[in-house]
> 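I'd like to ask you about the structure that follows.
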Amino acid sequence: MVKKETEFSKFAQAFREIIDGNKTDIDILTKELLKMGLTVNDKIYINKEYPEYTDEKGKRHIEGNKGGTLRKYYGGTNGLSRLIPDLETEFDEEFQERYCEELQDYDESRIMAFARGLNIDVNENDIDIVSEAVANYYSSIVIGSATKKSRKPKIIEEKSNNTRKSNDIIQKYTLSPEEKNAILVICEQIDKDLQSLDHYAKEYFHYKDELDSGNIYEGLELTDEMMIFLTEKEKMFQRENVKPIDDKSKNQFKEAGKSHLSSASTKYDYQYLELQEHCSDLLIITANKLKVNDNIKRIYDIGKYFCDNKLTIDEHYKSYLSLKQNTLKKCVQWLSFE
């Protein structure tokens with residue numbers, strides 16, 4: 001049987017071999033490739049379409065049989081024409097700029113080798129030029145795939161700056177009561193999302209701390225200090241008045257602890273998707289309002305951070321989410337009084 005391939009499958013297979021070094025599972029890598037350069041809304045759409053979870057070792061997996069669909073894109077059984085009509089992304093210069101920016105996460109020498117492997121005609125050693133060529137090459141794959149089913153992705157025509165209407169300009173510098181109220185309501189939802197994430201992270205690190213140390217105690221309370229600030233010596237001092245459980249029960253508690261770890265991690269991942277959805281709504285309202293005042297700009301930046309970054313539960317405290325949450329609260333407070 002002749003192996004079936006699409007332009008995307010050739011691209012994805014070369015990407016995994018040359019840039020990724022065959023390190024990432026095919027379904028996870030394909031999902032990341034499909035998301036590259038897309039709008040925030042489309043990235044959230046793909047995250048929901050292909051949900052994933054992280055196991056105890058920190059490895060990512062696609063849920064259920066969704067991974068099989070992604071592997072069909074990678075293998076060439078499915079073409080991009082199945083996916084493109086469901087996207088809002090316009091495959092124009094802005095898409096290519098976003099694609100180039102995300103390509104910077106990978107090793108430059110591997111990107112160069114990847115371009116040569118696909119016979120992309122760029123006789124330059126400038127990584128920016130090569131990245132632009134790769135982005136343009138990928139855009140042509142997407143547009144070509146869409147055309148095969150007579151469905152073309154939306155491409156924005158250039159508009160002259162001289163044709164902008166005065167009310168469009170006014171919209172950039174003003175905030176209607178309805179828009180202000182929507183921003184406040186969405187920010188309240190985001191604050192609740194962050195509180196839930198913090199709760200799941202505390203639960204996760206509580207059980208992780210016990211399992212990693214091998215010391216399981218009765219009556220140990222979950223506190224912020226134990227999670228973040230205390231050293232191992234200080235944690236032991238806190239435990240002086242609680243007694244270890246006997247060896248007979250320890251294995252049962254360990255199994256329960258592993259179950260709690262997995263549960264907290266899964267809840268965290270789902271809550272993060274909710275957070276990204278709320279942040280996406282926030283970006284839609286605030287994207288054209290950045291000139292209104294600095295608070296709107298700060299709120300927008302926080303929303304964009306969460307949309308652009310899918311943090312795992314292990315990265316929770318490294319990302320200083322509490323600082324971003326406090327900044328969001330202050331901005332909302334100032335906005336409420338304006």
Side-chain angles (χ1 to χ4, degrees), residues 40 43-44 47-48 51-61 63 183-213 215-217 219-232 234-235 238-239 242 253 256-283 286 295 298-336:
V40 170
K43 288 187 178 186
I44 291 174
N47 281 338
K48 287 186 174 182
E52 61 182 72
Y53 66 93
T54 305
D55 64 21
E56 296 172 7
K57 296 180 180 179
K59 189 174 181 180
R60 296 163 61 195
H61 303 275
E63 291 184 1
I183 291 171
L184 293 175
V185 170
I186 295 172
C187 285
E188 184 179 345
Q189 290 297 321
I190 291 173
D191 182 58
K192 290 179 181 178
D193 292 333
L194 293 175
Q195 288 181 41
S196 295
L197 289 174
D198 202 47
H199 171 76
Y200 296 138
K202 287 175 182 176
E203 181 182 345
Y204 176 85
F205 283 107
H206 165 62
Y207 290 107
K208 191 173 189 297
D209 176 61
E210 288 191 345
L211 290 170
D212 288 348
S213 66
N215 299 317
I216 301 175
Y217 296 81
L220 190 62
E221 293 184 358
L222 187 67
T223 64
D224 291 343
E225 288 78 12
M226 284 174 57
M227 295 303 101
I228 311 172
F229 301 110
L230 297 187
T231 64
E232 284 302 315
E234 290 168 328
K235 287 178 185 178
Q238 292 287 326
R239 291 165 169 161
V242 291
F253 275 84
K258 290 177 182 178
S259 176
H260 285 301
L261 271 182
S262 177
S263 174
S265 180
T266 299
K267 289 176 183 176
Y268 188 95
D269 290 343
Y270 276 116
Q271 191 66 54
Y272 207 97
L273 288 176
E274 288 291 313
L275 171 65
Q276 288 187 313
E277 183 174 356
H278 290 139
C279 287
S280 174
D281 292 339
L282 183 66
L283 294 188
T286 57
N295 291 321
R298 292 189 189 101
I299 289 172
Y300 173 87
D301 287 343
I302 291 172
K304 191 171 188 304
Y305 173 84
F306 291 124
C307 282
D308 290 348
N309 296 278
K310 172 61 178 80
L311 304 176
T312 65
I313 197 167
D314 287 299
E315 298 169 318
H316 181 78
Y317 290 115
K318 295 178 185 177
S319 60
Y320 301 104
L321 294 197
S322 59
L323 294 180
K324 293 179 174 61
Q325 188 174 12
N326 289 335
T327 301
L328 186 68
K329 285 181 178 178
K330 288 178 182 177
C331 291
V332 167
Q333 210 171 26
W334 291 328
L335 193 60
S336 299

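What you see below is based on every heavy atom in this structure, not just the backbone, and it leaves out hydrogens, waters and symmetry mates.
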> Taking all atoms of both residues into account, what is the closest heavy-atom pair of Tyr272 and Leu311, and its distance?
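Between these two residues, the closest heavy atoms are OH-CG, 3.4 Å.
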
> Are any non-hydrogen side-chain atoms of Asp269 and Lys310 less than 4.5 angstrom apart?
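In contact.
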
> For the atom pair OG1 (Thr327) and CD1 (Ile302), what is the distance rounded to the nearest 0.5 Å?
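Result: 5.0 Å between the selected atoms.
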
> Using every non-hydrogen atom in the two residues, find where Cys187 and Leu282 come nearest and quote the distance to one decimal.
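Here Cys187 and Leu282 meet closest at SG-CD1, 4.1 Å.
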
> How close do Leu283 and Cys307 get, counting heavy atoms only, and between which atoms?
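Scanning both residues, the minimum pair turns out to be CD1-SG, 4.0 Å.
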
> Flag the pair Arg60 / Thr312 as yes when at least one side-chain heavy-atom distance between them is below 4.5 Å, and no otherwise.
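Answer no - side chains too far apart.
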
> Find the distance between OG1 (Thr286) and CZ (Arg298) and round it off to the nearest 0.5 Å.
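Rounded to the nearest 0.5 Å, the OG1-CZ separation comes out at 14.0 Å.
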
> Do you know the tightest heavy-atom contact between Leu328 and Asp191?
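In this case the closest contact between Leu328 and Asp191 is CD2-N, 4.5 Å.
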
> Looking only at the side chains, is there a donor atom on one of Asp193 and Gln189 sitting less than 3.5 Å from an acceptor on the other?
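There is no such pair between these side chains.
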
> For the NZ atom on Lys304, are there more than 12 heavy atoms of other groups (residues, nucleotides or ligands in this structure) within a distance under 6.0 Å?
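Incorrect, the count does not exceed 12.
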
> So which atom in Ala264 and which in Tyr200 form the shortest heavy-atom distance, rounded to 0.1 Å?
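Looking at all heavy atoms of both residues, the shortest contact is CB-O, 3.7 Å.
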
> Is a side-chain donor or acceptor of Ser263 paired with a backbone partner of Ser259 at a separation under 3.5 angstrom?
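Answer holds: no.
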
> For the pair Ser280 (side chain) and Gln276 (backbone), establish whether a donor and an acceptor sit closer than 3.5 Å, ignoring hydrogens and angles.
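Side chain of Ser280 to backbone of Gln276, a donor-acceptor pair under 3.5 Å: no, none is there.
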
> Any side-chain heavy atom of Lys208 within less than 4.5 Å of one from Leu261?
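The answer is yes, as the side chains (C-beta and beyond) meet within the 4.5 Å cut-off.
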
> To the nearest 0.5 Å, tell me how far His278 NE2 sits from Ile186 CD1.
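One gets 8.0 Å once the value is rounded to the nearest 0.5 Å.
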
> Return yes if some donor-acceptor pair links the side-chain N/O of Thr266 with the main-chain N/O of Ser262 below 3.5 Å, else return no.
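Yes.
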
> Rounded to the nearest 0.5 Å, what separates atom CD1 in Ile313 from atom OG1 in Thr54?
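Going from the CD1 atom of Ile313 to the OG1 atom of Thr54 covers 9.0 Å.
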
> Using a strict 4.0 Å threshold on nitrogen-to-oxygen distance, state whether Lys43 and Asp308 make a salt bridge.
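No salt bridge links Lys43 with Asp308.
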
> Looking at Glu203 and Lys267, does any basic side-chain N land under 4.0 Å from a carboxylate oxygen?
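Salt bridge absent between Glu203 and Lys267.
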
> Starting at CD of Gln271, measure out to CG of Asp198 and round the result to the nearest 0.5 Å.
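Interatomic distance, Gln271 CD to Asp198 CG, rounded to 0.5 Å: 11.5 Å.
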
> In Å, rounded to the nearest 0.5 Å, how long is the span from CD1 of Ile44 to CG of Leu275?
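It is 9.0 Å, given to the nearest 0.5 Å.
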
